[in-house]
Q: 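Before we start, here is the structure in question, set down as structure tokens.
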Amino acid sequence: MAKHIFVTGGVVSSLGKGLNAASIGLLLENHGLRIRLQKLDPYVNVDPGTMSPYEHGEVYVTDDGAETDLDLGHYERFTNAVTNKDCNFTTGSIYYSVITKEREGKYLGKTIQVIPHITNEIKDCIRKLADSDTDVVITEIGGIVGDIESQPFLEAIRQFGQEIGRENVLFIHLTLIPYLRAADELKTKPTQHGVGVLRQAGIEPDILICRTEKTLSTSIKEKLSLFCNVEKESIIEEQDVKSHIYEIPLLLVDQGLDEIILKKLHLEKKENSLVEWTKMLNTLLNPERETEVAIVGKYIGHQSAYESIYEALLHGGISNKAKVIERRIESEDIEKDGAEKYLRGCKGILIPGGFGERGIEGKVLAATYARENNIPFLGLCLGMHCATIEFARNVCNLIDANSTEFDMDTPHPVICLLDEQKDIVAKGGTMRLGAQACKIKKASKAYDCYGKELVYERHRHRYEFNNKYRDSFALQGLVFSGFNSDGGLVEIIELKDHPWFVAVQFHPEFKSKPTDPHPLFKGFIKATLDV
Ligand code: GLN
């Protein structure tokens, strides 16, 4: 039977529950345990797919095409756990499922209530991961304890712990110990209150992970232990990491968190050397050279909107022993002042995915700048659309070429709606989603990166390259180096006479890990170092 760890958060959001859950996953994998990770989000949207990146940051896409919370990206980057549609549920998806069953008459005339029907549904979602191939399921509860919408989730995990037996479940609570400068003191009261809320819900935390700016003194730990009813040894200090989030697992191991968890869950201790992770971190923290990449997007001021891309760039740096300096540029600034002002001197240009017309022309100008100045270029999804539009307008002389996403009446619809999308009206979960096969043409930059002819990459889009333009664009020097399995959809374009200009219809950033950087990011960063 699988053991279960529940990670809750208190005091404030954004304490890094996702990173801590992912780090715990890594620690347990290092003891040879097979883990799964999942996130339960208390908001009412069915999934984050329809939310603006300003609201919710990046939408992370799994192989099986689920549009999920970005914490799943941390899970995949830190661990080898399989991540799929069973790894992210929301209040919306839970109610959706319960109400659908109610309409189908599955409850046989019962009155449907939060307890037990909603809590049962939540428990079923948790059980989905506890198969015979899994030793430990780690479930992160989004939001913080005390939120009205968290309550059914806390009740469900309380019941769950009761059902599977206290020796099989562990409650880990992430909290903040604020430092008050005026008093020169660390304060435990917010944590006492947060844990109080948990205890009112019937949950006794086993371990506290305390985010703090300063070292926790013995007396602070004693106070926390006394008021929160947690053993002193199980109070883990998590000071803000100095350089990078990838240091978190080592910080937790240093305090023996892995051994505490194993002991409490009656699991066997095995080798825990974190060799690969430590080696990666050493390379990351001791780069031998550096490069600078411009990211031209429209959510630039919002760190988590492009989370996986920033991560993948970093991984590309690690594989080249290089520090990647990011130059984050709002595409609308380029529209106002021109590309030169913002892009001069950068060694590479990346255009991320996105939706809607705002900022498009700035991205098109950035692609032109990369092509004309021989600057390595990587376009991702919408980035590929922008590169296509710029090629059409400026190389093929198709003035006013555009994507029908931005101009329905363009005389040259070089990017158009996928056939399968034409009759779709509903917005949620209806794009071309998830991993699809992509055949790579030999003798291409893409093949140089991948070193193989068949890859699987994750998608999230409605528009595609318009095949009507394939032949004429090829004659003008556009290389089509990747296609879907029946050859009907263009997946990768490149420029023939350019040091490194690659744009892809998919999202390679979702498959990059610090210990296994994505080939395209590796190749892109290498190209920026070569020019
Ligand atoms: N908006 C474009 C489309 O729907 C690109 C999507 C993306 O970049 N993920 O096709």
Side-chain angles (χ1 to χ4, degrees), residues 47-63 65-68 70 73 295-300 302 304-310 312 331 349-364 366-367 377-390 392 401-408 410 413-436 438 457-467 469 482 484 488-493 502-512 518 520-521:
D47 63 40
T50 53
M51 282 195 232
S52 150
Y54 284 123
E55 282 288 310
H56 195 264
E58 158 188 285
V59 175
Y60 188 79
V61 181
T62 56
D63 270 344
E67 295 176 279
T68 73
L70 57 83
I295 301 106
V296 182
K298 74 171 180 180
Y299 306 108
I300 285 301
H302 197 63
S304 57
Y306 300 121
E307 184 88 30
S308 293
I309 293 175
Y310 296 141
S331 51
I349 296 173
L350 182 148
I351 301 184
F355 296 82
E357 199 186 344
R358 182 171 71 80
I360 288 301
E361 292 304 322
K363 293 179 187 174
V364 171
F377 175 89
L378 180 58
L380 308 176
C381 203
L382 182 81
M384 175 188 134
H385 297 177
C386 292
T388 306
I389 294 166
E390 106 69 27
N402 216 328
S403 161
T404 53
E405 180 179 2
F406 318 125
D407 180 3
M408 285 290 283
T410 169
V414 290
I415 302 290
C416 61
L417 205 57
L418 284 155
D419 273 344
E420 67 201 39
Q421 288 285 327
K422 291 198 169 130
D423 297 322
I424 295 177
V425 186
K427 290 279 181 268
T430 55
M431 284 185 245
R432 179 177 179 231
L433 287 166
Q436 313 266 342
C438 173
E457 293 286 4
R458 299 180 192 174
H459 293 69
R460 182 172 184 252
H461 68 118
R462 296 185 203 280
Y463 294 83
E464 58 157 333
F465 183 88
N466 186 342
N467 283 325
Y469 295 90
N484 73 331
L489 299 177
V490 172
E491 298 282 25
I492 310 179
I493 59 169
V502 177
V504 297
Q505 182 55 81
F506 45 81
H507 292 274
E509 69 272 21
F510 294 143
K511 286 183 73 169
S512 190
H518 190 284
L520 289 178
F521 280 88

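Start at 1 and go down the list; that is how both ligands and their atoms are numbered.
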Q: Between Arg462 and Thr430, does the side-chain hydrogen bond (donor to acceptor under 3.5 Å, both in side chains) criterion hold? Intermediate values first, please.
A: CA-CA 9 Å; Arg462 296 185 203 280; Thr430 55; 3.0 Å; yes
Q: Side chains of His461 and Glu405 only: does a donor on one sit below 3.5 Å from an acceptor on the other?
A: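 Note: His461 and Glu405 side chains miss the donor-acceptor criterion.
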Q: So that I can tick it off, tell me whether Arg460 and Glu67 are bridged by a salt bridge, with the cut-off set at under 4.0 angstrom between side-chain N and carboxylate O.
A: yes
Q: Using a cut-off of 6.0 Å, state whether more than 12 heavy atoms not belonging to Glu420 lie near its atom CD.
A: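 Yes, because the 6.0 Å sphere around CD of Glu420 holds more than 12 heavy atoms from other groups.
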Q: Identify all pairs of nitrogen or oxygen atoms, one from ligand 1 and one from the protein, separated by less than 3.5 Å, and list them with distances.
A:
unit_1   : atom_1 : unit_2 : atom_2 : d
ligand 1 : 1 (N)  : Gly354 : O      : 2.9
ligand 1 : 1 (N)  : Glu405 : OE1    : 2.8
ligand 1 : 1 (N)  : Glu405 : OE2    : 3.0
ligand 1 : 4 (O)  : Arg462 : N      : 3.0
ligand 1 : 8 (O)  : Gly354 : N      : 2.9
ligand 1 : 8 (O)  : Gly354 : O      : 3.4
ligand 1 : 8 (O)  : Leu382 : N      : 3.1
ligand 1 : 9 (N)  : Arg460 : O      : 2.8
ligand 1 : 9 (N)  : His507 : NE2    : 3.1
ligand 1 : 10 (O) : Arg462 : N      : 3.0
ligand 1 : 10 (O) : Tyr463 : N      : 2.8

Q: Please check this pair: side chain of Glu464 against backbone of Cys416, looking for a donor-acceptor N/O pair closer than 3.5 Å.
A: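 Looks like no, no N/O pair under 3.5 Å.
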Q: Tell me if the aromatic rings of Phe510 and His507 count as close, with their centers under 6.0 Å from one another.
A: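 Centroid separation for Phe510 and His507: below 6.0 Å.
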